[in-house]
Amino acid sequence: MEHYDFKNIESKWQKIWEVQKSFEVEPSSTKPKCYVLEMFPYPSGYLHMGHLKNYTLGDVVARYKRMQGYNVLHPMGFDSFGLPAENAAIKNKIHPKKWTYDSIAHIKKQMKAVGLSYDFRREFATSDPEYYKWTQWLFLFLYKQGLAYQKEALVNFCPQCQTVLANEQVIAGSCWRCDSKVVKNSLKQWFLKITSYTEELLSDLEILNEWPEHVKTMQKNWIGKSYGAQVSFPIVGGGEIEVFTTRLDTIYGATFLVLAPEHPLALELPQDPEIKEAIKTLINKSLLTPEIERSAEEIPKEGIFLRRYAFNPFTEEKIPILVANYVLYEYGTGAIMAVPAHDTRDYEFALKYNLPIREVVVPQLGTRCEELPDDGYGYLINSGPYDGLSSEEATLKMAEFLQEKLLGKLTARYKLRDWLLSRQRYWGVPIPMVYCQKCGLVPVKEEDLPVLLPEEIDFTPRGMVSPLATSDEFLHTSCPQCGGSAHRETDTMDTFMCSSWYYLRFGSPFTNREPFIKKDIDYFLPVDYYIGGVEHAILHLLYSRFITKALGDGGYLNFQEPFSRLFTQGMVLHTAFWCPTHYWIAPKDVKEEKYCPHCGMELTTSLEAMSKSKGNVVLPETISHKYGTDTGRMYVLFAAPAEREFEWKEEGVSGIFRFLNRVWKLVTSYQDIALKEMNSHPQNKEDESVKFITHKTIKKVTQDIENNFRFNTAIAALMEMVNDLKAIIESNNSLSEGVLKEAVESLVLLISPFAPHLAEELWEKLGHQNSLTFQKWPIYEENWVKEEVVEMPVQIDGKVRSKLIVVRKDRTLLWDVKEEEKLKELVLQDEKVLKFLKGKKVKGIIVVPEKIISIHTER
RNA sequence: GCGAAGGUGGCGGAACUGGCAGACGCGCUGGACUUAGGAUCCAGUGGGGGAAACCCCUUGGGGGUUCAACUCCCCCCCUUCGCACCA
């Protein structure tokens, strides 16, 4: 018998799919669409097991949906602008462009070798001028909508990467890429006004029913809405300080005010030059220290009294004004009312500087707080006319008072801030703006796009200035408005801009006259299944949602949300080694157990997500060369539930390979069975068993695919099917061919999304002419998913003591109530049951149809 | 500190709205076929007791509800991941 020759089979079918253009798709007026998208990769050399898992998840859905009759859009491309290309280029002295496109070529080859069913005609890289032309167009669109603006701002700067970072890219005060501490610098920067959409971004989370809850929570936290009040405190001697508080009810306990060091009033208010100096020192200090050290719990609170006072509008007392490092300028108004009795931070600060503490909210009237600070809600004391009110009532009453006196009102604040777009780096999309001496800031004309990234350039990072500024050819241009001499904006865009709209372009990549043809987008979008890692839960997804909404308001789109269904897959982990001085050490370089090859330091071993930078990648080829890519695909799906991370281990792979071989042997023993016309109606008991196995499996696999990517159990069900079929076939020769044909064909169809090459070959061997890409997915008959004979366990006092064999009526209904009574009689005649009931008194019998019979006795 | 997810054999993991815990796979043990097998096939495999029939125990720990609990309730422990001076 022919053996399972995966090498030839795989290349054969990959060629056929290519020649037959199996996966190319166009909008159709008759077929319903399904848009399956995996997050496209950053092309950093090659694909590893983590990518394989991600793309296979999508591929299974895509292939399944095709068989269900959907017109499936399944595209792929490359997120190819960004830092690593530059870093690699500097390190290896290759141009980022060459490095990037070499990478892309290699990765594409790998993708094809895996048999991913992409429409490669739609492929693009975000660094293609044909694509970034439209990214620039998008920027101009936002600019015209008033959603892009420039601002001198304190920005997060990473000294290691030599670039400005968005707030989202600062993780606990460190750079998201290299972990260096981030410092603050002042620079004129481009921002996108994502805050115009804060409320929509928040409230539309409600309609994303098919998104994982935790991702929505993360976005909610990031947007960070909090309800409170803004209150003006009049300054003694004129002026006022506005604060934001979520605890208006505690305002009688506000015994001092605190300004952030950067607050403009911090330098204006004090009259004493000594204090001014001290404040300047404090400002510098808080700018230079990273926002928060990764593991350090807290920066010690430091403050300076300005020797100025404000009136508490409620108590009308004079309270001191201070400046302190624990108040953030970016949040709220940059100033707070301090209520030490009911806020831990204020309490700590008050103790240190000996400021008054006044308890104003108690848990129950007539009691006192057990311990201060106490940030719980309760009832007011020491609060004048508000005494005795609950926190809630008091807040409303106090707000009325504020409104009357025009001193404030209830309001909400958000943590979300505008998206800092500018990057002082080379390998990115040039921002299409021009500075004219006469006209000022002028957008590049649409017909002059793209503003090409110059290739001959020294792209080493130089800190606060983009490398583009060193290219005279790029820099000097004429003004689009007056034609006079002008120079270009030299900053490039954050690469999240590139990935914030790529899913739209996939729906319509063939036009070079507009970013996309609306009619095509109307058909294919939104994305039905979006699959990728949780690491993009905030940044990429929030930006994409924002861009979708902005384009929608501009009339370009007619849907609210770009991704209807989101699936976050668990990462593939592998052992990695870490040296405190030499960072990640590739496992292949670790010879002496756990010692750094460079310095001999002891290495830290940990499980990490596979990534090139950690050196712990395993390539798909290590499996496909030995077992074939179908085995590799199936293994990453079988090893663990799709949403869970798992540690890569090669040991388990052979199990899948053995299984595919069993499938091969089983199916090839029925060559050309498809050519015969046969009735699949069962003729005998064995036929019925086979029929039952078949339909039970169809049901299970279908539901597992539909129900949240439960591919691991779907594959287990297929294994069970094969095991059971083999057992029956080997012990019987009375099986009807029609029933067998149905079983074997179903098996091949069911396995095809997972192991498409094998399935195609077997389908052909069975005698079919056409590729099974568009074969109909099998449908189970409800009649045949339940076995006729049911074995019911009998429990006595909670322990299984016997089993009762019951025959189902008409395959559907098990029994009616009368028969339930009969079963009770029956079970009391059972020998084993009688044995265990000896000397006991039966208190009750419970019959759960299809499940169990439970007897309990008096105890 | 706050929030979320999770803890089941030697390992990865199954178990639908409470109904036979350990599906499926790896590994391991024994056997068959073999010059050989790291190929294939068959059998066994949670722990303990017993010659056996069988019996007892077992889903992080402790309590509870129920005829019946991995599943529900209360308390505690541990792990992972988010957020973290956000007023």
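Here is the naming used below: chain letters follow the sequence lines, and residue numbers restart at 1 for every chain.
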Legend entry - Check: A:Lys843 side chain, B:C67 base, donor-acceptor under 3.5 Å: no
Legend entry - Listed nucleotide nearest any side-chain atom of A:Ile846, set B:C67, B:G13, B:C57: B:C67
Legend entry - Selected nucleotide, minimal atom distance to A:Ile538 side chain, candidates B:G12, B:C83, B:G19: B:C83
Inset, instruction - Using the C1' atom on both, measure B:G47 against B:U8 and round to a whole Å. - result: 14 Å
Inset, instruction - Look through every strand shown and name the nucleotide pairing with B:C24 as Watson-Crick or G-U wobble, where both distances are under 3.5 Å. - result: B:G12
Inset, instruction - Please state the C1' separation for the pair B:C2 and B:G13 - nearest whole angstrom. - result: 32 Å
Legend entry - Atom-to-atom span, NE2 of A:His214 to P of B:A5 - whole angstrom: 10 Å
Legend entry - Nearest-angstrom distance, P atom, B:A21 to B:C85: 50 Å
Legend entry - Geometric cation-pi criterion, A:Arg247 with A:Tyr377: 6.0 Å, 45°: yes
Legend entry - Closest-nucleotide 5' rank along RNA chain B - winner of A:Thr217 and A:Thr333: A:Thr217
Inset, instruction - With the side chain of A:Ala716 defined as its heavy atoms from C-beta on, choose the nearest nucleotide among B:C57, B:A21, B:A23. - result: B:A23
Legend entry - From B:C16, B:A87, B:C56, nucleotide with atom closest to A:Val327 side chain: B:A87
Legend entry - Donor-acceptor pair under 3.5 Å, A:Lys649 side chain vs B:C26 base: no
Legend entry - Out of B:G27, B:A87, B:C20, whichever nucleotide has its closest atom nearest the side chain of A:Val800: B:C20
Legend entry - Opposite nucleotide pairing with B:U29, Watson-Crick or G-U, both atom distances under 3.5 Å: B:A43
Inset, instruction - Using the C1' atom as the reference point in each nucleotide, state the distance between B:A14 and B:U59 in Å, no decimals. - result: 12 Å
Inset, instruction - Measure from CZ on A:Phe646 to P on B:U80 and round the result to the nearest Å. - result: 20 Å
Inset, instruction - Kindly compute the distance separating NZ (A:Lys220) from NZ (A:Lys216), expressed to the nearest 0.5 Å. - result: 7.0 Å
Inset, instruction - Answer yes when A:Glu782 and A:Lys699 have at least one side-chain N-carboxylate O distance shorter than 4.0 Å, and no when they do not. - result: yes
Inset, instruction - Report yes or no: is the cationic atom of A:Lys225 (NZ for Lys, CZ for Arg) closer than 6.0 Å to the six-membered ring centre of A:Tyr414, at no more than 45° off its axis? - result: no
Legend entry - Check: B:C83 base within 3.5 Å donor-acceptor of A:Lys220 side chain: no
Inset, instruction - May I ask which nucleotide in the shown strands pairs with B:G1, Watson-Crick or G-U wobble, both distances under 3.5 Å? - result: B:C83
Inset, instruction - Once you apply the 3.5 Å cut-off to both distances, tell me the Watson-Crick or G-U wobble partner of B:U66, or none. - result: none
Legend entry - A:Lys665 and A:Glu2 ion-paired at < 4.0 Å: no
Legend entry - Separation of the P atoms in B:U17 and B:G31, to the nearest angstrom: 45 Å
Inset, instruction - Please state the P separation for the pair B:C78 and B:C16 - nearest whole angstrom. - result: 29 Å
Inset, instruction - Can you tell me, in whole Å, how much space there is between the P of B:G62 and that of B:U71? - result: 13 Å
Legend entry - Residue closer to the 5' end of RNA chain B, A:Arg801 versus A:Gly652 (nearest nucleotide): A:Gly652
Legend entry - Value in whole Å for how far the P atom of B:C85 lies from NE2 of A:His342: 23 Å
Inset, instruction - Using the C1' atom on both, measure B:G50 against B:C55 and round to a whole Å. - result: 9 Å
Inset, instruction - Figure out the CG/P separation between A:Leu328 and B:A87, and round it to whole Å. - result: 10 Å
